[in-house]
Protein chains: 2
Amino acid sequence: MAEPRLHHVGFVVADVQRALPAWQASLGACRVSESIHDPLQKVTVAFLQPPAADAVQIELVAPAGEGSPVASFLAKGGGLHHLCYEVDDLDAHLAGMKARKAIVIRPPKPAAAFGGRRIAWMVTPERLVVEYLERAPAASNY
Amino acid sequence: MAEPRLHHVGFVVADVQRALPAWQASLGACRVSESIHDPLQKVTVAFLQPPAADAVQIELVAPAGEGSPVASFLAKGGGLHHLCYEVDDLDAHLAGMKARKAIVIRPPKPAAAFGGRRIAWMVTPERLVVEYLERAPAASNY
């Protein structure tokens, strides 16, 4: 089992496609993805890789559709929103975090941005929003 | 010259010492620092290392003193606040970011949390707050 790894930091914006060129310019980033609309997750996302030795990406996230999980955060102004860790065993990881009183706010679902790999969202009692991304693809999705 | 590296993600709280035990418990973190009061930076900070393969820490930051740079953010509820990159040449890095239209919001000053190494704060036109930490100690401070 590999240890969790910080995969990206999420930043909520109003419109990913409109925001992306300016972000790319100001960070001096290599654009690492097109913007991806995910109707299941109700978000549009894109990933930027800042010029850094680590591989931690910045994810731009915008609401897409009714009841998007980031709509209320955007209404308050947007900005830095969550940390996403890549983990080997998603279900075991969620169970471990639940035992530490974190709450699942979005149960595991496949994510278009990660080729169908499952993600889940939790919030700790201290209001840190954490996304977990399953390292291996779920067998049922392939 | 080594490339920049994501050193920590800052999260603004009201009281670092009060928050730290709960954060340590919910993240399953190894506490990597005591809380450090920095009158020059007008903040109190502490660092947590989540159980992860990377070395990206979470910094809890609370205002300390009149005119603290995080006071207004706390007044709006606190939360994820900034990304801090460790860089070789702080001044050259700031110049590069200025050329990309980022603005210096706190010019380089020694930071108690980093043994007197200099830090500076910028904000990009997209409202990403970025802290830069000088990798080598500044000669004048030693």
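A note on names: the letters A, B, ... follow the listed sequences, proteins ahead of strands, and every chain is numbered from 1.
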Review point. Can you name the residues of residues 55-75 of chain A that have some heavy atom under 4.5 Å away from a heavy atom in chain B?
Key: Val56(A), Ile58(A)
Review point. Can you pull out the residues in residues 5-13 of chain A with any heavy atom less than 4.5 Å from chain B?
Key: Arg5(A), Leu6(A), Val9(A), Phe11(A)
Review point. What pairs meet the side-chain hydrogen bond (donor to acceptor under 3.5 Å, both in side chains) rule with one or both residues in residues 93-102 of chain B, with sequence neighbours excluded?
Key: none
Review point. In this structure, are over 12 heavy atoms from other groups packed under 6.0 Å from Ile103(A) atom CD1?
Key: no
Can you tell which of [options] has the highest number of heavy-atom pairs within less than 4.5 Å of chain B?
| options | result |
| --- | --- |
| Glu86(A), Lys76(A), Arg127(A) | Arg127(A) |
| Leu27(A), Leu128(A), Val87(A) | Leu128(A) |
| Leu83(A), Val129(A), Val130(A) | Leu83(A) |

Study note, to complete from the structure: Taking every heavy atom of Ser26(B) against every heavy atom of Met97(A), the minimum-distance pair comes out as O-CE, 3.4 Å
Check your understanding: Which pair of heavy atoms, one from Glu3(B) and one from Pro51(A), lies closest together, and at what distance?
Key -> OE2-C, 4.1 Å
Review point. What part of Ala102(A) gets closer than 4.5 Å to chain B, counting heavy atoms only: side chain, backbone, both or neither?
Key: neither
Check your understanding: Can you name the residues that form a side chain to side chain donor-acceptor pair (under 3.5 Å) with Asp91(A), not counting sequence neighbours?
Key -> Arg118(A)
